[in-house]
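Please read the structure below before turning to the comments.
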There are 2 protein chains.
Amino acid sequence: MSLRHALLSLLTVEPMTGYDLYKVFESSVGHVWHAPDSQIYPELKRMESEGLVTGEDIPWGQRGKKRQYTITEEGVAHFRGWISTPLEYARTRDPAHLKAAYLEWADPEAAREQMRGHIAHHQALLRQWQERIYELEHDTNPMLTKRLKITPPEKHEATIAYKHFTYEGLIARAEAEIRWATRGLELIDRLNS
Amino acid sequence: MSLRHALLSLLTVEPMTGYDLYKVFESSVGHVWHAPDSQIYPELKRMESEGLVTGEDIPWGQRGKKRQYTITEEGVAHFRGWISTPLEYARTRDPAHLKAAYLEWADPEAAREQMRGHIAHHQALLRQWQERIYELEHDTNPMLTKRLKITPPEKHEATIAYKHFTYEGLIARAEAEIRWATRGLELIDRLNS
DNA sequence: GAAAACATGTAACCGGTTACATGATTCT
DNA sequence: AGAATCATGTAACCGGTTACATGTTTTC
């Protein structure tokens, strides 16, 4: 149930429509949290009915309208409460490592293809996260820029530092996965020579 | 839908009942893949109806009976096919890192508690996986021992090596998470001094 | 005028979790 | 005799995915 917390985190910056939020999930934030529009719209309605946000229809063009959601005090408290609550970790369920444990069942080329896929996947993530770090260091992330504008200057350092720290962790993880799969390729070669 | 592949991987060793499989998931294998009994029993039925396994009622005590499942040739082919098929990676959804990105919303002690929880979680995983490595190196894992008995000797090395490789990857990941959260604690101290 | 982007939903399904329910066997 | 373990399920729910559906506005 972290979707609503991801939504709330964005709504602490400024009021947004479902489509605005969807676009953010599709771009930068989407590399930490993904959500399809079909999940966002109903969740916003539920959050409105629970008083975490208020919705307001605002005109859009001649006949159109869109619904803009504003976080409530209760929503802010809810978000802060979630951040402060110890995370419950889900039991392990890891298809990539489950497959890796039984690679002797695949022929060597299929096994190599698994490892190459793993490397490609994590290299793509790595690039995305390095791009986020670049944005942080050059203040080119629109959401963060807006956030800093409404944040007291003495909290700017922490606001940036925790996001930097987050992406560093994701980068370290991606690099570890790439190293692991690279060793996997070497192992496959060794076992099939 | 990897549950059925996890079940098939175990059934390649010997016929087992739902409860047998459940126990294995609760112990060693459960640290790579977890499944509750309420998911295992219906899945086995479905797999039987799809011809991946055959079920046989065998007597248990005076009046009791239990259903033992044997993997079919089709089941073996299905498992091998899965291992050889490139994995589709799910979009990122990572509550721990989502929270970390907004730790400025928590007070320092709650933020530290998050990091300590992350460290404790991954240290517990680390111990489990180191235990699995120990088992591999000393041949004290019952399932693996049985597996090797029905595996041609020339494939023993690969069978063990891929499992070793898998756990090494999980260990590297846990160590990276612990390092990350440890840096997180340092960051919290620095920002609040 | 057409295409792309903006805007918002519903419905069916799927894998997984939690709670509930029941009974037999084995061990102490 | 009682407790632990063995054994097998059902049902309600939950978060998430995929497919379907519709209409407006802006841009080229």
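If you're wondering where the values come from, they're calculated on a predicted model, not measured in any experiment. Order of the sequence lines sets the chain letters (A, B, ...), proteins ahead of strands, with each chain counted from 1. Any value given below was found using the heavy atoms of this structure, including those in side chains, with hydrogens, waters and symmetry copies removed.
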Review point. Between which nucleotides of DNA chain D, read 5' to 3', does contact with chain A run, using atoms under 4.0 Å from its heavy atoms?
Key: D/dG15 to D/dT25

Point to revise | Distance, nearest 0.5 Å, that separates CG of B/Leu136 from CD of B/Glu131 | key: 10.5 Å

**Study point:** Those residues that, when tested against B/His97, pass ring pair (Phe, Tyr, Trp, His ring centres under 6.0 Å) (two or more places apart)
**Key:** B/Trp180

Practice item. Provide, to the nearest angstrom, the distance between the CZ atom belonging to A/Arg67 and the C1' atom belonging to C/dA7. Key: 13 Å

Point to revise | Of all pairs that satisfy salt bridge (Lys or Arg N to Asp or Glu O under 4.0 Å), the ones with a partner from residues 7-16 of chain B, not counting sequence neighbours | key: B/Glu14-B/Lys146

Could you list the donor-acceptor pairs under 3.5 angstrom formed between side-chain atoms of residues 37-44 of chain A and any protein atom two or more places apart in sequence or on another chain?
{"residue": "A/Glu43", "atom": "OE1", "partner": "A/Arg46", "partner atom": "NH1", "Å": "2.5"}
{"residue": "A/Glu43", "atom": "OE2", "partner": "A/Arg4", "partner atom": "NE", "Å": "2.8"}
{"residue": "A/Glu43", "atom": "OE2", "partner": "A/Arg4", "partner atom": "NH2", "Å": "3.0"}

Exercise for review: May I have the step-by-step check of side-chain hydrogen bond (donor to acceptor under 3.5 Å, both in side chains) for A/Asp139 and A/Thr145, ending in yes or no?
Suggested key: CA-CA 7 Å; A/Asp139 193 22; A/Thr145 304; 3.2 Å; yes

Interface polar pairs with nucleotides 2-5 of chain C, N/O, under 3.5 angstrom:
none

Contacts under 3.5 angstrom, residues 165-172 of chain A side chains, donor-acceptor by atom type, not counting sequence neighbours:
{"residue": "A/Thr166", "atom": "OG1", "partner": "A/Tyr162", "partner atom": "O", "Å": "2.8"}
{"residue": "A/Thr166", "atom": "OG1", "partner": "B/Ala101", "partner atom": "N", "Å": "3.0"}
{"residue": "A/Glu168", "atom": "OE2", "partner": "A/His164", "partner atom": "ND1", "Å": "3.0"}

Check your understanding: In degrees rounded to 10°, what angle is found between the helical axes fit to the five outermost pairs at each end of the helix from C/dG1-D/dC28 to C/dT28-D/dA1?
Key -> 30°

Review point. Salt bridge check: are B/Glu135 and B/Arg132 linked by an N-O gap of less than 4.0 Å?
Key: yes

Review point. Pick the nucleotide of DNA chain D nearest each of A/Gln62 and B/Lys65; which residue has the one closer to the 5' end?
Key: B/Lys65

Study note, to complete from the structure: Comparing nearest nucleotides in DNA chain D, the 5'-proximal residue of the pair B/Thr17, B/Arg93 is B/Thr17

Revision key, fill the gap. Separation between CZ (B/Arg147) and NE2 (B/His156), nearest 0.5 Å, reads 11.0 Å

Review point. A/Glu56: what forms a salt bridge (charged side-chain N to carboxylate O under 4.0 Å, His left out) with it, not counting sequence neighbours?
Key: none

**Study point:** Residues touching DNA chain D, which here means a heavy atom under 4.0 Å, drawn from residues 36-51 of chain A
**Key:** A/Pro36, A/Ser38, A/Gln39

Review point. Residues in ring pair (Phe, Tyr, Trp, His ring centres under 6.0 Å) with A/His122, at least two apart?
Key: A/His118

Review point. Does the A/Glu48 side chain pair with the main chain of A/Gly55, one donor and one acceptor, at a distance under 3.5 Å?
Key: yes

Review point. For B/Asp57, which residues count as a salt bridge (charged side-chain N to carboxylate O under 4.0 Å, His left out) partner, sequence neighbours excluded?
Key: B/Lys65, B/Arg67

Review point. Who passes salt bridge (charged side-chain N to carboxylate O under 4.0 Å, His left out) against B/Arg116, sequence neighbours left out?
Key: B/Glu109, B/Glu113

